[in-house]
Number of protein chains: 2
Amino acid sequence: VATVPVSGKKLVLKVDMLVGSTDVPRGMTFRQAARKAVAMCVSDFAAKGVKPDSYMASVGVSRGVRSRQVNELALGLKDASEEWDVRLVGGDTNEASELIIDCVMLGFAKRVVGREGAKPGDRVVTTGSFGYPPAGLKILMEGARTASAFRRIAVKSVLMPNPNLRLGLALAGFWTSSMDSSDGLARSLHTLAKTSGVGMEVRTLPIGEGVEEFAKANGLPSKNLVLAGGEEYLIVGTMNASSFCEANRVAKRSGGRILEIGRVNNRRGEVTLHTRDLAEPVEDAGWVHLR
Amino acid sequence: VATVPVSGKKLVLKVDMLVGSTDVPRGMTFRQAARKAVAMCVSDFAAKGVKPDSYMASVGVSRGVRSRQVNELALGLKDASEEWDVRLVGGDTNEASELIIDCVMLGFAKRVVGREGAKPGDRVVTTGSFGYPPAGLKILMEGARTASAFRRIAVKSVLMPNPNLRLGLALAGFWTSSMDSSDGLARSLHTLAKTSGVGMEVRTLPIGEGVEEFAKANGLPSKNLVLAGGEEYLIVGTMNASSFCEANRVAKRSGGRILEIGRVNNRRGEVTLHTRDLAEPVEDAGWVHLR
């Protein structure tokens, strides 16, 4: 996010571009795509603990697109506006060779949680478990096999991403550093480690229920689904050890939860995964787009 | 532009998407394209009389684009930042199937000139003469014939569009209604007429020097180049008859000029062109993109 000072507060701005060929998987409707474009920005505001005020949508559609589909885009923006209580204040429509929805979101804040405040000894915390969206993508794009209950959850996590803004706002005061996990857990941990000049050791992999079974059934390493997936609209951050219990209570009161997955150490820029007595480096593998 | 109230002022926002296939003609470099994306927003701020504070650029580039070209985009943004004294505060880079530069510009203002204030009797005013960019496009895209001095001016108007921000800020207090002319003079006049619920009669077509000759040499109606062209980064607006002289002085002092091209009448939504004793309707012909 970018910030611009404005009379004692900060104007907080985020722009995120949804591109048809890389961000809209098979099976996603225009309505869902428009909602997702807004969700991508909301996710950042949730991680930064800033209430979004309003947004603009700059849209590009290809020639063949019918007015019914343009209406669907408008409905998707309306869904998002209602869901996260943000006002659409402007926009722009263009002809482009593929679907483009550039969302610009803004809010005002006294304080914006940064990426540079993690200290050795802090707890590494996430707002949920990982692996559903990458599994959902494998199901949608490659027809991966799965039980129908898991399929529903995994596919929904892709088509209707659900950044928990209420939880993000409730947790704002607790983080020493935080960011969203739209490029995957490993990438988020590496970014926080680098920016704060610390190391991150993961001791409990936050693996979603059913992800292990899905991975096995499809011959995939579950660790990769959890660490190197993407499109995960959760918050990854660090907090002082003494804050965790209170943060946990606050999270529960707002209908969410937090998970302690490890600790911050002083090994500058290193991210490691500790299982039993083994410690292995976690690759800085970001989310690879659809193409 | 969109506005959001913020402690006694208005936050003014504009988003405009530059799309490679429709906004970047043959002969335009990446550097010029990036500068143009910012110019498109600056043009709106000039028309609204608002000083832009900062901007963000959300960029999509296709796979084949080299790092040298990405550097060129950065140089073009730098050109724009310096030229119009606006800070680049953030952005986003993505892979897309063609060049996309979505520019989000913001500023703060007490008052923003609207489109709805034109009153019968007002003067219809532009900040320059029209026809160079459509001629330049004909030269670049279709190899239209022309004298070399005109060619230089016309092509430059396309590759290095030059919204006059200083003039726009100087004139802010004079307009009863205004907008920029990026979709062409006719479209601007129709929009102002409709929004203000008045009619616009054009008595002096603001035709650029050499445009008539260019039109003749290429068998084109010069009227169309002036009215139904586009990519014209001038201001079209209305002002009280009594303000014109003072506005003209102010314009000259800021190194620009204004032209009175006609009057506002009470024929709701009608735009007419008056030559000698003939009055003909002006079609609401907007700018047709490159494709």
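The figures here come from the full heavy-atom set of this structure, side chains too, leaving out hydrogens, waters and symmetry mates. This structure is a prediction, so every number in the text was calculated from the model and none was measured.
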(message) Is B:Leu18 in contact with chain A via its backbone, its side chain, both, or neither, using a 4.5 Å heavy-atom distance?
(response) neither
(request) Go through the atoms of B:Val4 and report whether side chain, backbone, both or neither lie under 4.5 Å from a heavy atom of chain A. (result)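 It is the side chain, since no backbone atom gets that close.
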(message) With a 6.0 Å cut-off (strictly less than), is the heavy-atom count around NZ of A:Lys51, excluding the residue itself, greater than 12?
(response) yes
Could you give the distance from [atom1] ([X]) to [atom2] ([Y]), rounded to the nearest 0.5 Å?
X: B:Leu106; Y: A:Leu11; atom1: CG; atom2: CG; value: 6.0 Å
X: A:Asn94; Y: B:Ile100; atom1: CG; atom2: CD1; value: 8.0 Å
X: A:Leu13; Y: B:Leu13; atom1: CG; atom2: CG; value: 7.0 Å

(message) Pairing donors with acceptors under 3.5 angstrom, does anything connect the side chains of A:Ser97 and B:Glu98?
(response)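 On atom types as modelled, these side chains qualify, holding a pair under 3.5 Å.
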(message) Quick check for you: among B:Asp102, B:Thr3, B:Asp53, B:Asp16, which has the greatest number of heavy-atom pairs under 4.5 Å with chain A?
(response) B:Asp102
[X] versus chain B, the contacting section by heavy-atom distance below 4.5 Å:
X: A:Val89; answer: both
X: A:Val104; answer: side chain
X: A:Lys14; answer: backbone
X: A:Met56; answer: side chain
X: A:Ser54; answer: side chain

